[in-house]
Undergrad: 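I am attaching a structure below and will ask some questions about it afterwards.
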Amino acid sequence: MKNIGVLTSGGDSPGMNSAIRAVARTCAHYDIKCTGIVRGFQGLIENNTKVLYTRSVRGIINRGGTFLYSARSDEFKTKEGRKQAFKTIKENEIDGLVVIGGDGSFTGGLIFMEEHNIPVVGIPGTIDNDLYGTSHTLGYDTALNTATEAIDKIRDTAISHHRLFLVEVMGRDAGFIALNTGLAIGAQEILIPEVNMSIDNLINSLKRSKSAGKTSTIIVVAEGDKTGNNVFQLADTIEEKLPRYEVRVSVLGHMQRGGSPSCFDRVLGTQTGITAVESLINNEKGIMIGINNGKINKTELSKAIKGKTKINQELLRMSKIMNT
Ligand code: ATP
């Protein structure tokens, strides 16, 4: 390995900068050139690159987003696009590639590796925590803290006005953010894609809490929850069935992706960035660098993409105990 390329792809997440910094500095440590690819796979197609020296990555560990910028590239999904991307690899004499992103980025990286025989190592960078083989993805911990802080603020209004708030958090396919923030803010109910709580059960829960004297209520709803068609329709249904409730909806949206990374995400970015470079040096490829029980571990990219992640159902049970 004489030259390692690094890119961030898909949705940005806090901690990506920490991983880029670690890749660049580990390369410098081993006397390897580091080539940063700007705007993900699209930048690879357009030969949008810059050499990353130790000092190029100073002052970024505490910054959200990604200093290399990210993109979604439809062109890279085509054979022709990937051929063009490989031209950039050849022209820049890149020997291995670190892809920081989610399952889509890993799918693209894996196809690229198999088509053009370029070693690819992945670092899980997504707030959704939906990759198999790692207990945490980069940005997930920060997103939890951001959402928790935001919902705490919403609670102030909920209490002052005796309102019921439905707060939608990110998570189209996975309820990790909803489940953990829900428990952290003391939600009355947590609605996630993995468990279908029926409208009837939800209404009964609200009736119970009203008769127990609860005046303000927060329900945390993951984007992909199937109890209502969407969070706004769910609010309408609740108001129809329980006219005494004044229901408000708050969608946290993209703010969950931003902000300065937590200590955990900075450390994780550093650990995974270093390990990604060391893996390429050791001729390992087609793997994702993750973490489990505090230890860095490696999972085949194909498994990381296809494997099923599991939420901790025990947390749902515990949330119910907290709401008796
Ligand atoms: P997030 O979880 O934040 O959405 P992601 O990595 O899953 O991140 P995607 O938009 O799914 O985000 O994928 C990022 C990019 O990866 C795509 O824009 C495309 O360039 C590439 N990619 C995704 N799927 C494929 C595929 N099947 N073949 C080739 N490239 C792909």
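Note that ligands are numbered from 1 as they come in the structure, with each ligand's atoms numbered from 1 the same way. Atoms considered below: every heavy atom in the structure, side chains included; atoms not considered: hydrogens, waters and symmetry mates.
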Undergrad: Under 4.0 Å from ligand 1, counting heavy atoms only, is it the side chain of Phe76, its backbone, both or neither?
TA: both
Undergrad: Nearest to atom 4 (O) of ligand 1, what protein heavy atom do you find, and at what distance?
TA: Arg72 NH1, 3.2 Å
Undergrad: Looking at atom 11 (O) of ligand 1, what's its closest protein heavy atom, distance included?
TA: Gly104 CA, 3.5 Å
Undergrad: Would you please say whether a donor-acceptor pair under 3.5 Å links the side chains of Ser260 and Asn62?
TA: no
Undergrad: If we ignore hydrogens and angles and just use 3.5 Å, is the side chain of Asn3 paired with the main-chain N or O of Asn92 as donor and acceptor?
TA: yes
Undergrad: Tell me which part of Thr107 gets within contact of ligand 1: side chain, backbone, both or neither, using heavy atoms under 4.0 Å.
TA: side chain
Undergrad: State which residues pass side-chain contact (heavy atoms from CB on, under 4.5 Å) with Arg317; sequence neighbours excluded, sorted by chain then number.
TA: Glu314, Ile321
Undergrad: Using 30° and 60° as the class boundaries, would you call the ring planes of Phe41 and Phe76 parallel, tilted or perpendicular?
TA: parallel
Undergrad: Any N or O on Ser105 sitting closer than 3.5 Å to an N or O of ligand 1?
TA: yes
Undergrad: Students often mix this up, so state it plainly: with edges at 30° and 60°, are the rings of Tyr140 and Phe176 parallel, tilted or perpendicular?
TA: perpendicular
Undergrad: At what distance is the nearest protein heavy atom to atom 3 (O) of ligand 1, and which residue and atom is it?
TA: Gly11 N, 3.1 Å
Undergrad: Give the atoms of ligand 1, by number and element, whose distance to some non-hydrogen atom of Ser9 is under 4.0 Å.
TA: 14 (C), 15 (C), 16 (O)
Undergrad: Tell me whether Ile61 shares a hydrophobic cluster with Met16, the cluster being built from Ile, Leu, Val, Met, Phe, Trp, Tyr side chains joined at under 4.5 Å.
TA: no
Undergrad: Polar contacts were defined as any N/O atom of the residue lying under 3.5 Å from an N/O atom of the ligand; does this apply to Gly102 and ligand 1?
TA: yes
Undergrad: Give a yes or no on whether a salt bridge exists between Arg248 and Glu246, defined as a side-chain N under 4.0 angstrom from a carboxylate O.
TA: yes
Undergrad: Considering the heavy atoms of Ser73, write down every atom of ligand 1 situated less than 4.0 Å from one of them.
TA: 17 (C), 18 (O), 19 (C), 20 (O)
Undergrad: If you count the atoms of ligand 1 from 1 in the order shown, which ones are under 4.0 Å from a heavy atom of Thr126?
TA: 2 (O), 3 (O)
Undergrad: Please confirm whether Lys77 comes within less than 3.5 Å of ligand 1 when only nitrogen or oxygen atoms on both sides are compared.
TA: no
Undergrad: Identify, for atom 30 (N) of ligand 1, the protein heavy atom at the shortest distance, and state residue, atom and that distance.
TA: Gly108 CA, 3.3 Å
Undergrad: Less than 3.5 Å apart, any donor N or O on the side chain of Asp265 or Thr142 sitting next to an acceptor on the other?
TA: yes
Undergrad: Would one find an N or O of Ile111, backbone or side chain, under 3.5 Å from an N or O of ligand 1?
TA: no
